[in-house]
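Following: one structure in structure tokens, then a few remarks.
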Amino acid sequence: MAQPRGQFGSKVGFVLAAAGSAIGLGNIWKFPYLAGENGGAVFLILYLGFVFTIGLSVMLAELAIGRAGEKNPVGAFARLKGGPWTVVGYMGVFTGFIILSFYSVVGGWTLAYALQTATGLLALSDAEALGNAFGAFVADPIGPVGYHGLFMALTVIVVARGIDTGIERACRVLMPVLFVLLAVLCVRSLTLPGAGAGIAFFLEPDFSKVSAGTVTAALGQAFFSLSLGMGAMITYGSYISHRENLPKAALWVTSLDTLIAVMAGFLILPAVFAFGFDPAAGPGLTFITLPAVFSQIPLGAFFGTLFFVLLAVAALTSAMSLLEVVVAYLVDEKGVPRAKAAWGAGMVIFLLGIPSSLSLGVWSDFTVAGKGFFDIMDYLASNVLLPTGGILIALFVGWTVYPQVMDADNGGIGHEFRWAGVWRFVCRFVAPAAIAWILVNRL
Ligand code: PFF
């Protein structure tokens with residue numbers, strides 16, 4: 001059979017690329033600070049619960065839609081069923097714009113921190129000084145916007161080159177290095193004097209801390225971290241070979257992503273307590289805590305730089321998957337040449353990210369319901385758009401295209417999947433009802 005679409009070269013290649021999408025700033029930047037803001041262990045438990053029920057099911061649903069539909073989200077919905085379902089695909093493309101706009105701002109911070117760590121600017125262990133350094137950096141109207149532009153340009157360059165040349169090769173080498181470095185840093189953080197309080201915070205639940213906000217945050221984070229709800233995994237699924245066992249791939253990606261998030265928790269939270277930072281410090285938490293950890297290891301500037309570079313790469317592989325959703329749509333549906341689509345979309349996203357960056361400094365006075373532009377974009381995407389996309393994707397698979405996504409002859413999962421009945425039940429009832437309940441309660 002002719003295979004006009006690009007494809008991942010191998011099984012490991014696919015799992016690593018999909019894990020490359022899932023593993024990113026969501027794990028290392030967002031997860032620790034959300035856990036810090038939402039009671040630690042309680043957040044962890046809710047998060048794990050969501051990941052391995054709803055998350056895993058929606059992950060498989062997206063991969064299956066992608067492989068059976070062999071297209072970008074808009075094209076896949078149109079091809080498998082069409083009609084109003086296509087709107088879910090458009091919603092995904094829209095969400096891609098929103099997420100990447102603020103994601104790239106944080107991606108820019110990692111580039112800046114790599115540079116500043118290398119030049120010794122952040123060789124401090126004093127909590128207040130590190131907090132001030134971060135605050136001053138993000139509040140500057142020029143620097144962070146420049147780094148955001150640089151990060152976006154790097155993303156565009158890789159995506160413009162196409163799926164198999166850029167994405168897979170980059171992930172294959174760099175993800176394992178990040179993993180090893182993360183493991184080493186965890187050991188350092190866990191053995192700091194005073195780390196015990198952080199470990200207890202992360203592992204000993206206090207259920208009196210659960211609020212509607214905690215539950216929504218954990219659910220939103222499950223979607224964000226696994227790259228679910230907007231079609232990134234549909235797009236990646238469309239590039240996966242028909243020989244691949246999809247349920248296994250879904251389990252691998254979900255598990256690897258969760259492992260990295262939990263490791264990041266064990267890296268950041270013990271250090272937060274050891275150095276006397278505030279666990280509820282918000283989006284700056286990882287950026288103020290890591291330099292303090294590096295100040296406590298031999299060759300800290302070297303390892304610190306390496307870490308921020310690898311974090312930037314992890315962010316880049318996630319950003320690539322966000323942009324790929326938009327680009328695959330423009331290429332497949334609109335016939336736009338790939339490079340033109342990548343640069344054009346990248347430019348719009350760059351502009352959209354500027355107010356996010358400025359909202360942490362000169363535009364901080366502009367707020368809606370106490371949230372600045374950056375927070376609004378994040379909240380809208382993670383806690384509204386992605387879970388809503390998740391409901392629709394689950395319903396689509398559970399009720400509408402189940403026979404098609406199971407049909408092995410046409411790229412479906414295949415009937416030897418033992419948990420198919422459970423999976424379908426979760427897609428039909430459990431996931432949509434649970435997500436809807438959480439969203440409604442929050443509003
Ligand atoms: N999962 C990525 C992270 O955790 O950093 C972010 C992300 C990528 C979200 C792709 C959504 C997406 F479609």
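Everything numeric here is computed off the predicted structure, so don't read it as measured data. Just follow the structure's listing: the first ligand is 1, and inside any ligand the first atom is 1.
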Ser225 to ligand 1: N or O pair under 3.5 Å?
yes
Any nitrogen or oxygen of Gly26, side chain or backbone, less than 3.5 Å from one on ligand 1?
yes
Should you measure from each heavy atom of Ala232, which atoms of ligand 1 turn up under 4.0 Å away?
13 (F)
Taking the six-membered ring of Phe224, is the NZ or CZ of Lys30 close enough (under 6.0 Å from the centre) and on axis enough (within 45°)?
yes
Check Glu62 with Arg67, please: is the shortest side-chain N to carboxylate O separation under 4.0 Å?
no
What residue and heavy atom of the protein are closest to atom 5 (O) of ligand 1, and at what distance?
Tyr103 OH, 2.5 Å
Just which atoms of ligand 1 are under 4.0 Å from any heavy atom in Ala22?
1 (N), 2 (C), 3 (C), 4 (O)
Has Trp29 got any heavy atom lying under 4.0 angstrom from an atom of ligand 1?
no
Ligand 1 atoms nearer than 4.0 angstrom to some heavy atom of Asn27 are 4 (O)
Check each atom of ligand 1 against the heavy atoms of Leu25 and keep those under 4.0 Å away; list them by number with element.
5 (O)
Centroid-centroid distance, Trp399 to Phe429, less than 6.0 Å:
yes
Nearest 0.5 Å, please: how far is CG in Leu228 from CZ in Phe223?
6.0 Å
Proximity of Trp109 and Phe287 rings by center, below 6.0 Å:
yes
Distance filter under 4.0 Å to Phe224 heavy atoms, resulting ligand 1 atoms:
1 (N), 2 (C), 4 (O), 6 (C), 7 (C), 9 (C)
Would you say the ring centers of Tyr329 and Tyr90 fall short of 6.0 Å from each other?
yes
Test of understanding: given a 4.0 Å heavy-atom threshold, classify the contact between Ser321 and ligand 1 as side chain, backbone, both, or neither.
side chain
Step through it carefully: locate the ring centre of Phe77, locate the ring centre of Phe396, and say whether they are under 6.0 Å apart.
yes
the protein heavy atom lying closest to atom 11 (C) of ligand 1 turns out to be Ser227 CA, 3.6 Å
Parallel, tilted or perpendicular for Phe307 and Phe294, by the 30°/60° rule?
tilted
Among all protein heavy atoms in this structure, tell me which lies nearest to atom 12 (C) of ligand 1, with the distance rounded to 0.1 Å.
Leu322 CD2, 3.4 Å
For the residue pair Tyr47 and Phe43, categorise the inter-ring angle as parallel (less than 30°), tilted (30 to 60°) or perpendicular (more than 60°).
parallel
Output the list of atoms in ligand 1 that are nearer than 4.0 Å to some heavy atom of Met230, sorted by atom number.
12 (C), 13 (F)
